[in-house]
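From a predicted model like this one, the values you see are computed outputs, not experimental measurements.
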Amino acid sequence: MAQYAILIYAKAQVEEAEVIPGAREAHDRHFEDMVESGALVTAFALQPAADTATSIRGDVVTDGPFVDAKEVIAGFAIIEAPDLDAALEIARANPATQQGGGVEVRPVEGGFIADRPAAA
C-alpha cells in the first residue's frame, strides 16, 4: 500500500477571538478515526511557528519560519492508502480544511524511522 504525507496548514497568527470552539477536539477525533481505520502510520503536531521556529539558510540563522507567510505547517501525518483518491478522502476529513487552514497531500518517496530502545 502506498504512503502519503498530509501536510496540515493553519494561519500563522491566530487572534484569541478567532479560536474556534472545539477545534482541538475535532482534530483529536480525526486522529482517532485514522488510527481505527488502520490508515495512520505516524502524526505530529508542531508548536506555533512564529514562537518556536528557527530557520537556517546557508550560514544565516534566523528566528521564525523559513518563509514569511499567512499560513504555516501546523503538523503532518503519514498515512497508508491504496491510491491517491483514497488518500485525498482521508485528508479531506481533516478539520483544518474547515477551520481556515488546509491540507496538502503528497506521495512519500522514501523514509526512515530510527530503531530506538524503549524508554525505561
Side-chain angles (χ1 to χ4, degrees):
M1 198 167 312
Q3 291 187 335
Y4 297 88
I6 300 174
L7 305 175
I8 304 161
Y9 290 87
K11 290 182 179 180
Q13 297 290 332
V14 178
E15 302 298 325
E16 190 66 34
E18 294 180 294
V19 174
I20 299 169
R24 170 71 74 180
E25 293 79 8
H27 283 278
D28 290 346
R29 281 191 303 278
H30 179 62
F31 171 80
E32 290 300 325
D33 289 346
M34 290 191 299
V35 169
E36 289 174 12
S37 74
L40 186 66
V41 174
T42 191
F44 294 91
L46 303 176
Q47 293 185 359
D51 300 335
T52 61
T54 302
S55 299
I56 302 171
R57 186 181 298 227
D59 292 333
V60 179
V61 178
T62 59
D63 290 335
F66 194 67
V67 294
D68 188 20
K70 293 180 182 179
E71 292 183 331
V72 295
I73 298 175
F76 62 91
I78 304 297
I79 61 166
E80 289 186 335
D83 55 35
L84 179 59
D85 288 336
L88 291 174
E89 191 63 31
I90 293 167
R92 188 175 285 117
N94 190 294
T97 63
Q98 304 299 314
Q99 297 173 352
V103 298
E104 177 182 341
V105 179
R106 297 176 63 177
V108 172
E109 185 172 313
F112 171 78
I113 298 174
D115 185 19
R116 300 192 184 270

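- No single ILVMFWY cluster, assembled from side-chain heavy atoms under 4.5 Å apart, contains both Ile113 and Val108.
- Of all heavy-atom pairs spanning Glu80 and Met1, the tightest one is C-SD, 3.9 Å.
- Taking Ile, Leu, Val, Met, Phe, Trp and Tyr as hydrophobic and joining them when side-chain heavy atoms fall under 4.5 Å apart, one finds Val105 in a cluster with Tyr4, Ile6, Ile8, Phe31, Met34, Val35, Leu40, Ile79, Leu84, Leu88, Ile90, Val103.
- Of the options His27, Glu25, Glu32, a side-chain contact (heavy atoms from CB on, under 4.5 Å) to Arg29 is made by Glu25 and by none of the others.
- The shortest non-hydrogen separation linking Thr54 to Val61 is CG2-CG1, 3.6 Å.
- Scanning for salt bridge (Lys or Arg N to Asp or Glu O under 4.0 Å) contacts around Arg106 gives Glu104, with sequence neighbours left out.
- Applying the side chain to side chain donor-acceptor pair (under 3.5 Å) test to residues at least two apart or on different chains, the pairs with a partner in residues 83-97 are Glu89-Arg92.
- The two residues Ala26 and Gln99 come nearest to each other via the heavy atoms CB-NE2, 4.0 Å.
- Considering all non-hydrogen atoms of both residues, Ala87 and Ala81 come closest at N-CB, 3.7 Å.
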